[in-house]
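Read the numbers this way: they start at 1 and go in the same order the structure lists the ligands and their atoms. Count residues from 1 along the sequence.
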Amino acid sequence: MEQSAEGVKRVFLETFGCQMNDNDSERILGFLKNINYTRTSKPTDADLIILNTCSVRDKAEQKVYSALGRFKELKEERPGLILGVAGCVAQQEGKKLLKRAPYLDLVFGPQNIHRLPDLIGEISKKRGRLVAVEQSESIDENEYGLLSAADGRAFVSIMRGCDNFCAYCIVPYTRGREVSRRSADIIGEVSRLAEGGVKEVTLLGQNVNSYGAGGAEVSFPELLRLVARIDGIRRVRFITSHPKDISVGLIRLFGEEPKLARHIHLPVQSGSDRVLKAMGRGYTASHYSSKVRLIKNLHPDISVTTDIIVGFPGETEDEFEETIALLRDLRFDNIFSFMYSPRPLTKAAAFTGHVPADVRSKRLQRLQDAQRCITLERSRELVGRRVEVLLEGASTAPGEREFSGRTSCNRIVRFPYEGVLPDSIVEVVVTEAYPNSLRAEFPPQGK
Ligand code: SAH
Ligand code: SF4
Ligand code: F3S
């Protein structure tokens with residue numbers, strides 16, 4: 001191991017799961033920076049290893065255990081190394097994790113990130129192995145505000161937890177009750193990020209449409225307006241919307257607020273009313289479809305993406321066909337699809353009629369095959385169009401310099417250009433569509 005500079009320690013941090021976890025990892029690094037830790041990409045150089053984990057599906061959880069196994073040997077070689085597990089598996093398993101992995105020093109849940117400096121202090125003083133998984137009903141602002149502005153884009157949590165308890169989902173158990181941050185604190189954080197060079201901000205919550213429910217100072221559309229008004233912010237995104245709560249007010253805002261990115265992620269989960277009811281989603285397939293139609297009628301350029309679960313307990317072949325039919329009818333720009341995975345604590349885990357793994361896997365394949373064509377067709381519709389790209393990176397090879405970025409509708413675009421670009425947002429013309437990206441021309445010729 002290389003010698004650390006005086007007093008500086010190194011942390012190796014690996015993140016699994018969703019943007020919430022990416023955001024939490026940023027906060028973990030923020031708190032660690034305050035106590036003199038810098039990040040390393042080599043676990044063999046680290047004084048502290050943290051796995052920020054996800055338990056949304058069994059596969060995600062298993063990944064964590066195999067990653068932990070990898071670090072066991074390192075810990076045996078260097079007993080001074082501190083090994084910690086954060087995130088949703090930490091919250092779900094708590095002290096059971098210490099039993100399962102006797103070489104583990106620390107387990108801390110998503111609501112205990114701000115305690116990390118103290119927890120590490122305690123462990124360094126050899127006060128034993130620690131578990132911090134307490135959940136509270138209010139938000140302490142000291143937990144936030146430590147994000148860095150790495151590449152012009154940032155994620156900002158506007159709320160935490162979830163109260164929906166969809167029958168398949170572990171998130172309400174791992175993330176606790178839904179609580180919204182105060183709008184002034186969110187605005188403060190985005191303003192600081194903008195001063196540090198952030199151009200695009202994504203507001204994060206499990207169900208952003210219920211932002212402020214139960215005593216809000218502002219509604220979610222009002223919050224979006226306030227964030228869009230902040231100097232330096234050029235694009236505002238948000239995830240995730242819940243179909244039962246998305247409002248006409250929000251849909252209309254897309255016509256009024258040019259900084260709002262032209263994309264809505266609206267997870268449908270299934271096209272069958274019986275399955276939706278068993279999932280406890282609070283809407284029917286036709287209710288969902290009418291919201292998507294409203295979005296597309298008012299704003300034809302908005303891209304709509306969704307999440308789908310196949311093989312929910314009791315899902316019949318006909319019910320699965322209803323999901324395929326919904327896909328073909330609504331022609332999503334893209335989907336994220338998953339095989340149902342039973343999760344501890346959830347209602348659905350106790351349901352009867354579990355669909356065999358091979359059937360789930362076949363359904364997933366069929367669904368993904370059907371969507372692949374739709375995704376490509378939707379992308380091809382953009383060929384010849386002018387789109388705005390917020391730059392994310394550039395390759396450096398001379399003679400083949402290529403820039404990349406994202407359109408407002410969240411597609412990856414690449415275009416060659418040898419000069420210096422005038423701005424961090426440029427207009428290009430789409431020339432070709434591939435399954436996962438677009439190719440474009442700059443400066444735009446023609447149309
Ligand atoms: N709060 C967001 C999504 C959270 S989890 C929402 O409500 O949309 C992200 C996605 O994982 C879900 O939309 C769902 O499609 C999937 N998911 C959650 N639990 C699952 C499970 N037990 N098995 C398979 N997929 C699951
Ligand atoms: Fe899970 Fe449902 Fe909450 Fe989303 S809304 S996090 S799927 S319980
Ligand atoms: Fe996210 Fe996975 Fe937790 S999806 S909220 S990290 S269970």
Side-chain angles (χ1 to χ4, degrees), residues 14-25 28 51-64 85-93 109-111 113 133 135 155 157-178 203-211 213 238-246 264-271 275-276 278-283 288 304-313 315 323 332 334-351 354-355 357 360-361 363-364 367:
E14 192 169 345
T15 310
F16 303 83
C18 64
Q19 282 97 343
M20 285 290 170
N21 257 16
D22 290 336
N23 187 255
D24 285 354
S25 282
I28 288 174
L51 302 179
N52 193 11
T53 63
C54 171
S55 61
V56 77
R57 283 168 290 277
D58 189 56
K59 230 189 200 164
E61 190 176 335
Q62 294 315 319
K63 264 196 217 161
V64 172
V85 172
C88 289
V89 177
Q91 187 65 43
Q92 176 195 312
E93 295 296 303
Q111 290 192 29
I113 290 171
V133 289
Q135 291 189 325
F155 293 89
S157 282
I158 62 166
M159 57 211 291
R160 75 161 186 230
C162 180
D163 285 351
N164 284 314
F165 292 93
C166 300
Y168 50 82
C169 185
I170 197 157
V171 172
Y173 303 95
T174 60
R175 296 273 161 174
R177 297 290 52 75
E178 184 181 294
L203 304 184
L204 288 180
Q206 295 295 350
N207 179 5
V208 289
N209 306 104
S210 69
Y211 172 77
F238 56 89
I239 38 173
T240 299
S241 292
H242 195 301
K244 78 176 163 58
D245 295 320
I246 189 167
I264 298 186
H265 184 61
L266 198 61
V268 63
Q269 314 297 359
S270 168
V275 173
L276 286 170
M279 287 176 164
R281 290 291 288 177
Y283 53 85
Y288 178 90
V304 181
T305 56
T306 202
D307 290 350
I308 287 172
I309 296 177
V310 299
F312 186 75
E315 184 190 72
T323 303
F332 295 104
N334 208 352
I335 65 168
F336 298 88
S337 48
F338 314 100
M339 270 189 272
Y340 168 73
S341 166
R343 306 311 294 133
L345 307 170
T346 61
K347 271 189 249 158
F351 287 179
H354 279 264
V355 178
R360 275 184 280 160
S361 152
R363 287 185 190 166
L364 186 68
L367 185 85

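At a 3.5 angstrom cut-off on N or O pairs, T240 does not count as close to ligand 1. Geometrically, ligand 1 and Q269 share a nitrogen or oxygen pair separated by less than 3.5 Å. Annotation: R57 places an N or O atom under 3.5 Å from an N or O atom of ligand 1; distance criterion only. In terms of N/O distances under 3.5 Å, ligand 1 is approached by Y168. Taking only nitrogen or oxygen atoms, main chain and side chain alike, N207 does not reach within less than 3.5 Å of ligand 1.
Within the 4.0 Å heavy-atom criterion, both parts of V56, backbone and side chain, lie near ligand 3. Only the side chain of P172 comes within contact range of ligand 2, with a heavy atom under 4.0 Å; no backbone atom does.
Close approach of ligand 2 to Y168 (heavy-atom distance below 4.0 Å) involves ligand atoms 7 (S). Against a heavy-atom cut-off of under 4.0 Å, F165 is close to the following atoms of ligand 2: 8 (S). The contact set between ligand 2 and C169, taken as ligand atoms under 4.0 Å from a residue heavy atom, comprises 1 (Fe), 6 (S), 7 (S), 8 (S). Shown in contact with Y340 at under 4.0 Å from a heavy atom are these atoms of ligand 1, numbered in order with element: 23 (N), 24 (C). Within ligand 1, counting atoms from 1 as listed, the ones closer than 4.0 Å to a heavy atom of M339 are 23 (N), 24 (C). Distances below 4.0 Å separate heavy atoms of H242 from the following atoms of ligand 2: 5 (S).
Formation of a donor-acceptor pair under 3.5 Å by the N52 side chain with backbone atoms of N21 is found in this model. Proximity of a side-chain donor or acceptor of Q206 to a complementary backbone N or O of T240 within less than 3.5 Å is not detected. Within the 3.5 Å criterion, the main-chain N or O of E178 finds a donor-acceptor partner in the side chain of D163.
For R343, the closest heavy-atom approach to ligand 1 falls below 4.0 Å. Contact annotation: R281 has at least one heavy atom less than 4.0 Å from an atom of ligand 2.
Backbone or side-chain N, O or S atoms of C166 do not reach atom 1 (Fe) of ligand 2 at under 2.8 Å. Atom 3 (Fe) of ligand 3 has an N, O or S atom of C88 closer than 2.8 Å.
The number of heavy atoms from other shown groups lying within 6.0 Å of NZ (K347) does not exceed 12.
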